[in-house]
Participant: 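My structure is below; once you've seen it, I'll send some questions.
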Amino acid sequence: MALIGSGPSGDRTYIVTGPTAGIGRQTALDLARHGTIVLVGRDPGRLDSVRQTIEGGGGRAVPVVCDLSDPASVRRAAARIIELGLPVAGLINNAGIMQLRPTKNALGWDMTFATDHLGPFALTEALAPHLPDGAGVVFVCSAVEDPERRFAVMAGFRGGRYVSAEASARGQWAPGGSKLPGGDAYATAKQCNLATVLAFARETPRLRFNAVEPGFSPATGLSRDANVLLRALGKYVLSPLAPFIKYWSTPARAGQVIANVLLNKSGGTGVYYDEEGRPMIGSTLARDPQFQDRVVAETRALLLTASALPSPGG
């Protein structure tokens, strides 16, 4: 099988999903100092804006349009990336949403779970066979998946509420969950992200699979449907305080940590890093190999059923 990492010596390409704002944008800008960036996102105009910023600084970027909530779109994007033939050395699965008012995609799947877990999973599975030995894959996770994480509980989360991949896609969660709108969908998707990283690290030791908890960044666009007042509060009032509060961060600092984890080839595989770049542990459930294997097997089965369906977009 042809590898997409067979370019000239010293040349490197890094794929970043969700690169048009917040942590993803900062990660892309940081990595642009080390190689070409493949920008994967939904909005062509915003992708082109980031491309221009990178190229204005002397770097190189290639936009690839992809809606991570749509498996057919993910397959097309993966095929396009492979077709580019660039020497890919790493993939950052950063894109994520937390909808306060849950919606469904064209397949009837919960939009948060589809975007945050199913899409990154499918993209990684499509690209992994084409990555060279030693390439890195980083999933941006969140400690809200852990029901024992004190800060997350104080914020109103109750950990991942996984029943099955199919149930999650339908927007059904285990009882006893969060009263936060969208909280269970987001926490469950992030728990599945972490379980996937740990399972993939065992399955494919030739690649480096790691996870990062970037810390709470008030300035990110994670909740796209939050009202203008809340977004302004996060950006202009809370964000300047973030460097001084435990577990908080900023997009710039988080982007640097994520980039460093990807670039650090001595860091091993199957490691979960905190907002300072230090190893941490996830929930008891996410660390259970049987749970990890179940999440991966059920996600693969769900995506396989979707691949047999015609693309909703034609």
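As a basis for the values below, the full set of heavy atoms in this structure was taken, side chains included, without hydrogen atoms, waters or symmetry mates. Computed from a predicted model, the values in this text were never measured in an experiment. Position 1 is the first residue of the sequence, and the numbers go up from there.
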Participant: Given the rule that I, L, V, M, F, W and Y join up when any side-chain heavy atoms are under 4.5 Å apart, are Val295 and Leu302 in one cluster?
Facilitator: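 No; tracing contacts between hydrophobic side chains, which count when under 4.5 Å, never links both residues.
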Participant: So which atom in Asp116 and which in Ala95 form the shortest heavy-atom distance, rounded to 0.1 Å?
Facilitator: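 So the two residues come closest at OD1-O, 4.4 Å.
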Participant: Locate the shortest heavy-atom distance separating Asn210 from Gly268; write the atom from each residue and the value.
Facilitator: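 Scanning both residues completely, I find the closest heavy atoms to be ND2-O, 3.2 Å.
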Participant: Measuring only between side-chain heavy atoms, which start at C-beta, is Gln256 closer than 4.5 Å to Val261?
Facilitator: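 The answer is no, as the side chains (C-beta and beyond) never meet within the 4.5 Å cut-off.
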Participant: I need the Gln26 CD to Asn94 CG distance, nearest 0.5 Å.
Facilitator: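 Separation between the atoms: 11.0 Å.
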Participant: Would you say Gln172 and Ser168 are linked by a side-chain donor-acceptor pair, where the criterion is simply a distance under 3.5 Å?
Facilitator: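 No, no side-chain donor-acceptor pair sits under 3.5 Å.
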Participant: Taking Glu298 for the side chain and Ala165 for the main chain, is one N or O donor matched with an acceptor at less than 3.5 Å?
Facilitator: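 Indeed, once roles are kept as given, a pair shorter than 3.5 Å links the two residues.
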Participant: Going by an N to O cut-off under 4.0 Å, is there a salt bridge joining Arg300 and Glu203?
Facilitator: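 A salt bridge is present here (some side-chain N lies under 4.0 Å from a carboxylate O).
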Participant: Rounded to the nearest 0.5 Å, how far apart are CZ of Arg12 and CG of Leu31?
Facilitator: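 Separation between the atoms: 13.0 Å.
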Participant: What verdict does the side chain to side chain contact (heavy atoms under 4.5 Å, CB included) test give for Gln191 and His117, after you've listed the backbone C-alpha separation in whole Å, the side-chain angles of each residue and the deciding distance to 0.1 Å?
Facilitator: CA-CA 9 Å; Gln191 188 168 70; His117 172 60; over 6 Å; no
Participant: How close do Gly134 and Leu207 get, counting heavy atoms only, and between which atoms?
Facilitator: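 Result for this residue pair: N-CD2, 4.4 Å.
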Participant: When you measure from the side chain of Asn105 to the backbone of Ser69, do you find a donor-acceptor pair of N or O atoms at a distance under 3.5 Å?
Facilitator: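 Yes; at least one donor-acceptor contact below 3.5 Å.
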Participant: How about Phe121 and Phe200: are their ring centres within less than 6.0 Å of each other?
Facilitator: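 Centroid distance Phe121-Phe200: below 6.0 Å, so yes.
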Participant: To the closest 0.5 Å, what do you measure between OG1 (Thr112) and CD1 (Ile97)?
Facilitator: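 Between Thr112 OG1 and Ile97 CD1, I get 4.0 Å after rounding to 0.5 Å.
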Participant: With a 4.5 Å cut-off on side-chain heavy atoms, are Ile37 and Thr13 touching?
Facilitator: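 When only atoms from C-beta onward are counted, Ile37 and Thr13 do not touch, as no gap falls below 4.5 Å.
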Participant: Can you check whether Glu148 reaches Ser283 side chain to side chain, under 4.5 Å on heavy atoms?
Facilitator: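 With C-beta onward as the side chain, the pair stays apart.
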Participant: Grouping I, L, V, M, F, W and Y whenever their side-chain heavy atoms are under 4.5 Å apart, do Leu131 and Val62 come out in a common cluster?
Facilitator: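 Yes.
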Participant: Main chain of Gly159, side chain of Glu145: is a donor-acceptor contact present, judged purely on distance under 3.5 Å?
Facilitator: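 Flag not set: sc Glu145 to bb Gly159 has no pair under 3.5 Å.
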Participant: Please check: side-chain N/O of Arg46 versus main-chain N/O of Gly41, any donor-acceptor pairing under 3.5 Å?
Facilitator: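 Side chain of Arg46 to backbone of Gly41: no pair is present.
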Participant: Sub-3.5 Å donor-acceptor pair from the side chain of Lys104 to the main-chain atoms of Arg170, do we have one?
Facilitator: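 Side chain of Lys104 to backbone of Arg170: a pair is present.
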Participant: Do Asp184 side-chain atoms and Ser178 backbone N/O form a donor-acceptor pair below 3.5 Å?
Facilitator: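 Judged by distance alone, yes, a pair lies under 3.5 Å.
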Participant: State, yes or no, whether a side-chain contact exists between Pro205 and Thr269 at a heavy-atom distance under 4.5 Å.
Facilitator: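 Result no, sub-4.5 Å side-chain heavy-atom pair not found.
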Participant: Give, for atom CG of Asp110 and atom OG1 of Thr103, the distance between the pair rounded to the nearest 0.5 Å.
Facilitator: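 Here the interatomic distance stands at 7.5 Å.
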Participant: Report yes or no: do Val74 and Val296 belong to one cluster of Ile/Leu/Val/Met/Phe/Trp/Tyr joined by side chain heavy-atom distances under 4.5 Å?
Facilitator: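 Yes, Val74 connects to Val296 through the hydrophobic network.
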Participant: Is the shortest heavy-atom distance from the side chain of Val212 to the side chain of Phe139 under 4.5 Å?
Facilitator: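 No, side chains not in contact.
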Participant: Output the distance between atom CZ (Arg294) and atom CG (Asp288), rounded to the nearest 0.5 Å.
Facilitator: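 Output value for this atom pair is 9.5 Å.
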Participant: Could you tell me the separation between the CD1 atom of Ile81 and the CD1 atom of Ile15, rounded to the nearest 0.5 Å?
Facilitator: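 Reported to 0.5 Å precision, the distance equals 4.5 Å.
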Participant: Between Arg202 and Gln292, do the side chains contain a donor N or O and an acceptor N or O under 3.5 Å apart?
Facilitator: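 Yes, side-chain donor-acceptor contact under 3.5 Å.
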Participant: Identify which one of Leu194, Val197, Ile281 satisfies the side-chain contact (heavy atoms from CB on, under 4.5 Å) criterion when paired with Tyr272.
Facilitator: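 Output: one option passes, namely Leu194.
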Participant: When you look at Glu55 and Gln52, which way does the side chain to side chain contact (heavy atoms under 4.5 Å, CB included) test go after all the steps?
Facilitator: CA-CA 5 Å; Glu55 294 185 348; Gln52 290 179 37; 5.9 Å; no
Participant: Just by distance, do the side chain of Arg158 and the backbone of Val153 share a donor-acceptor pair under 3.5 Å?
Facilitator: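 Such a contact is found between Arg158 side chain and Val153 backbone.
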Participant: Do the non-hydrogen side-chain atoms of Thr36 and Tyr14 ever get within less than 4.5 Å of each other?
Facilitator: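 Thr36 does not reach Tyr14 side chain to side chain.
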Participant: Do Ile258 and Val140 make a side-chain contact, defined as non-hydrogen atoms from C-beta onward lying under 4.5 Å apart?
Facilitator: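 Counting from C-beta outward, Ile258 and Val140 do come under 4.5 Å.
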Participant: Counting only N and O atoms by type, is there a donor-acceptor contact under 3.5 Å from the side chain of Thr53 to the main-chain atoms of Ser49?
Facilitator: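 Yes, the answer is positive, given that a donor and an acceptor are paired below the 3.5 Å cut-off.
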Participant: Please find out if less than 6.0 Å separates the ring center of Tyr186 from that of Phe113.
Facilitator: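 Ring centroids of Tyr186 and Phe113 are no less than 6.0 Å from each other.
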Participant: Taking Arg278 for its side chain and Glu275 for its backbone only, find out whether a donor-acceptor pair lies under 3.5 Å.
Facilitator: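 Side chain of Arg278 to backbone of Glu275: no pair is present.
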Participant: Would you name the heavy atoms of Leu107 and Ala306 that are closest together and state the gap between them?
Facilitator: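 So the minimum-distance heavy-atom pair works out to CD1-CB, 4.2 Å.
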Participant: Between Leu262 and Ile92, is any pair of side-chain heavy atoms under 4.5 Å apart?
Facilitator: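 SC-SC contact between Leu262 and Ile92 confirmed.
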Participant: Are Leu198 and Leu285 connected in a single hydrophobic cluster, I mean Ile/Leu/Val/Met/Phe/Trp/Tyr linked by side-chain heavy atoms less than 4.5 Å apart?
Facilitator: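 No, Leu285 does not connect to Leu198 through the hydrophobic network.
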Participant: Write down the atom of Pro214, the atom of Cys141, and the distance for their closest heavy-atom approach.
Facilitator: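 Looking at all heavy atoms of both residues, the closest pair is CD-O, 3.2 Å.
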Participant: Check the pair Arg25 / Thr20 against side chain to side chain contact (heavy atoms under 4.5 Å, CB included), numbers first and verdict last.
Facilitator: CA-CA 5 Å; Arg25 180 184 175 90; Thr20 59; over 6 Å; no
Participant: Passes side chain to side chain contact (heavy atoms under 4.5 Å, CB included), Asp48 versus Arg51? Steps please.
Facilitator: CA-CA 5 Å; Asp48 196 58; Arg51 178 192 64 78; 2.7 Å; yes
Participant: Do the side chains of Trp109 and Leu123 join up, straight or via other hydrophobic residues, at under 4.5 Å, putting them in one cluster?
Facilitator: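 The answer is yes; both residues are in one hydrophobic cluster.
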Participant: Without hydrogens or angle criteria, can the side chains of Thr124 and Asn93 be said to hold a donor-acceptor pair below 3.5 Å?
Facilitator: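 Indeed, the side chains of Thr124 and Asn93 share at least one donor-acceptor pair under 3.5 Å.
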Participant: Please report the closest heavy-atom contact between Leu100 and Pro181, naming both atoms and the distance.
Facilitator: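 Looking at all heavy atoms of both residues, the shortest contact is O-CB, 3.2 Å.
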Participant: Is the side chain of Glu213 donor-acceptor paired with the backbone N or O of Ala143 at a distance under 3.5 Å, no angle test?
Facilitator: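 Pair found, side chain donor or acceptor close to backbone of Ala143.
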Participant: Could you check whether Arg42 pairs with Asp67 (Lys NZ or Arg NE/NH1/NH2 to Asp/Glu carboxylate O, under 4.0 Å)?
Facilitator: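 No salt bridge links Arg42 with Asp67.
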